[in-house]
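Have a look at the structure below before the remarks.
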Amino acid sequence: MKILAKYLPQFHRTRENDAWWGEGFTEWTAVKKAAPLFEGHDQPRVPKDENYYDLLQKETMLWQASLMEKYGIDGMCIYHYWFKDGRQVLEKPAENLLRWKEVPMPFCFCWANETWARSWSKIQNKNHWSDIYEQKKSNGSSGILLDQKYGREPEWKAHFEYLLPFFRDERYIKVNHKPLFVIHKTSDIGCLPEMTEYFRELAKAYGLDGIYMIGSDCALSDNLYLDSELYRQPAEGMRNAPAHYVHGYDSVTIREYDDIWKNILSQKAKHNVLLEGFTGYDDTPRRGAKGTVTVHATPEKFACYLSELMAKTEANGNDIVFLNAWNEWGEGMYMEPDELHGEAYLQAVLYAKKNYTDRVRKYKEEREKHTGIEEGKIDRQAGYPDKDTRYLHFFDKWMTLREEGFCVANWLNVNGYKRVAIYGYGIFGRHLCHELAANGIVITYVVDQNIDKLDIGYETFLPDDQLPETDIMIVTAIQDYGTIYKALSAKGIKKIISLKTMLDER
């Protein structure tokens, strides 16, 4: 059983952090200045021997690698940041590791594919590092610091070629001889089917056996283009966990550590789903009074819960468990030694590795009781964002962009598409047709499974019909885009795009 720990490369100075959060800012800045916000609140967290390390120092990584080996951590899953036009940030620790062959640290990447923006930005799905160091809103500013846009094949190739030397490193973690690559939020990637297919083609072209892609926060059809899905924690475990507030609503949110772990261990999943545990959570160093804190976490509880998670993982037919995290000090998720617990959380990992096998049979018997779960489907606890919620967020984004002057027809004109077909005449399809027709775009036909109920003035086809040629097919059923893309590709249609991709790449 392999334990892979999420690894944050934020512990060194960068010009971006200097500009955005104040000169000399690193993760340690927020950690050192944290303060208790209620009775019994364990803040600030202090590294053992006040080891506020710099990740650009080789000695730091050698020290981390020695702890990994001592306590059974099999690899670091390093957050990787790749933005619009190949812009990077926090890349130096991994690049140094690639050069420092003498550092015995097995590793892989997790692409943290979120836009970086100010907390007050209208962008919904964003990473806002540290609210309490936030600058005031300036007139006319979007608040976007680094925009996450995916582009098309030229941009995907540049990204893959950057990753290639890492994939070829003998320390890079592989599954079935394929480099393991995690994508933090696949549901944010409208072009996921095309991009993952192209990555696999490139992997073969460059002499690799392929690429093993894992996604988290997935849309319904994302699994068609992924090798596994990762249940990201504690985010999913928190969704249905009871909460209370220190000073009423809009103050510090408190959740019980045990409640979250109960949710994690009660999730039902098929073998293509990987599981993740967590050590604890407290993001008040970054969020202040608007943060979230899990209470009553201990190394002893973590040891027991991790043993259960590893047993459940083996019962599901897998041999990888992720942990959040190795060093997320600003969110209270870390295994590195601190002044309060020393190396106890690392010792808990060693305990779990030695003792989880006694619990495997229990989870195998539990699986036998739930054989009705469809292969590849997910049975999450109540509260996971459903299709309607995702659609609502998407529609809000579309309308916000329209208010800012964006028009889908402009995107089509810029890219040379004059005649388009629309797949799906639901709410999105209807509004899209009106917008395009009003801006001189010819709609050649509409594809919908309910054409007998439609009277729309366009030629219509069923999904199973033979479809005429058109400049491009726009799929408005964004949640099912992967399934639809696969079916349309099988029909020989070459130009297919999700409406979500068009808005993302505006």
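The first residue of the sequence shown is numbered 1, and numbering continues consecutively from there. Because only heavy atoms are used, hydrogens play no part in the values below, and waters and symmetry mates are left out as well, while side chains stay in.
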On the 0 to 90° scale, with breaks at 30° and 60°, tag the Y345-H341 ring pair as parallel, tilted or perpendicular.
perpendicular
Derivation of the side-chain hydrogen bond (donor to acceptor under 3.5 Å, both in side chains) call for Y225 and E194:
CA-CA 9 Å; Y225 298 90; E194 304 99 305; over 6 Å; no
Note: K101-D169 ion pair, threshold 4.0 Å (strictly below):
yes
Polar contact flag, side-chain donor to acceptor under 3.5 angstrom, Y363-T313:
no
Show the numbers, then the answer: is there a salt bridge (charged side-chain N to carboxylate O under 4.0 Å, His left out) between R361 and E365?
CA-CA 6 Å; R361 182 175 180 180; E365 292 173 351; 3.3 Å; yes
Listed pairs under 3.5 Å, donor-acceptor, residues 274-285 side chains, sequence neighbours left out:
{"residue": "E276", "atom": "OE1", "partner": "K6", "partner atom": "NZ", "Å": "2.9"}
{"residue": "E276", "atom": "OE2", "partner": "Q233", "partner atom": "N", "Å": "2.8"}
{"residue": "T279", "atom": "OG1", "partner": "Y334", "partner atom": "N", "Å": "3.2"}
{"residue": "Y281", "atom": "OH", "partner": "D283", "partner atom": "OD2", "Å": "3.1"}
{"residue": "D282", "atom": "OD1", "partner": "T284", "partner atom": "N", "Å": "3.0"}
{"residue": "D282", "atom": "OD1", "partner": "T284", "partner atom": "OG1", "Å": "2.6"}
{"residue": "D282", "atom": "OD2", "partner": "H41", "partner atom": "NE2", "Å": "2.7"}
{"residue": "D282", "atom": "OD2", "partner": "Q43", "partner atom": "NE2", "Å": "3.0"}
{"residue": "D283", "atom": "OD1", "partner": "T292", "partner atom": "N", "Å": "2.6"}

Between T26, N327, N17, which is the residue that forms a side-chain hydrogen bond (donor to acceptor under 3.5 Å, both in side chains) with Q10?
N17
Could you check R87 against D147 for salt bridge (charged side-chain N to carboxylate O under 4.0 Å, His left out), going step by step and ending with a plain yes or no?
CA-CA 9 Å; R87 174 75 183 275; D147 203 359; over 6 Å; no
Within the supplied structure, the quantity of interest is the number of heavy atoms (other residues, nucleotides, ligands) at a distance under 6.0 Å from K185 NZ; does it exceed 12?
yes
Which residue, W82, F199, F181, forms the ring pair (Phe, Tyr, Trp, His ring centres under 6.0 Å) with F160?
F199
Assess the side chains of Y162 and E91: does a donor N or O sit below 3.5 Å from an acceptor N or O?
no
Anything under 3.5 Å between a donor and an acceptor, one on a side chain of residues 392-403, the other on a protein residue two or more places apart or in another chain? List them.
{"residue": "D396", "atom": "OD2", "partner": "Q124", "partner atom": "NE2", "Å": "2.8"}
{"residue": "K397", "atom": "NZ", "partner": "D504", "partner atom": "OD1", "Å": "2.5"}
{"residue": "T400", "atom": "OG1", "partner": "D396", "partner atom": "O", "Å": "2.8"}

Answer yes when E95 and K92 have at least one side-chain N-carboxylate O distance shorter than 4.0 Å, and no when they do not.
yes
Tell me, yes or no, whether the heavy-atom count around L56 atom CG, taken from other residues, nucleotides or ligands under 6.0 Å, exceeds 12.
yes
I'd like to know whether E314 forms a side-chain hydrogen bond (donor to acceptor under 3.5 Å, both in side chains) with Y356, so could you lay out the CA-CA distance, the side-chain angles of the two residues, the decisive distance to 0.1 Å, and finally the verdict.
CA-CA 9 Å; E314 183 166 308; Y356 78 91; 3.0 Å; yes
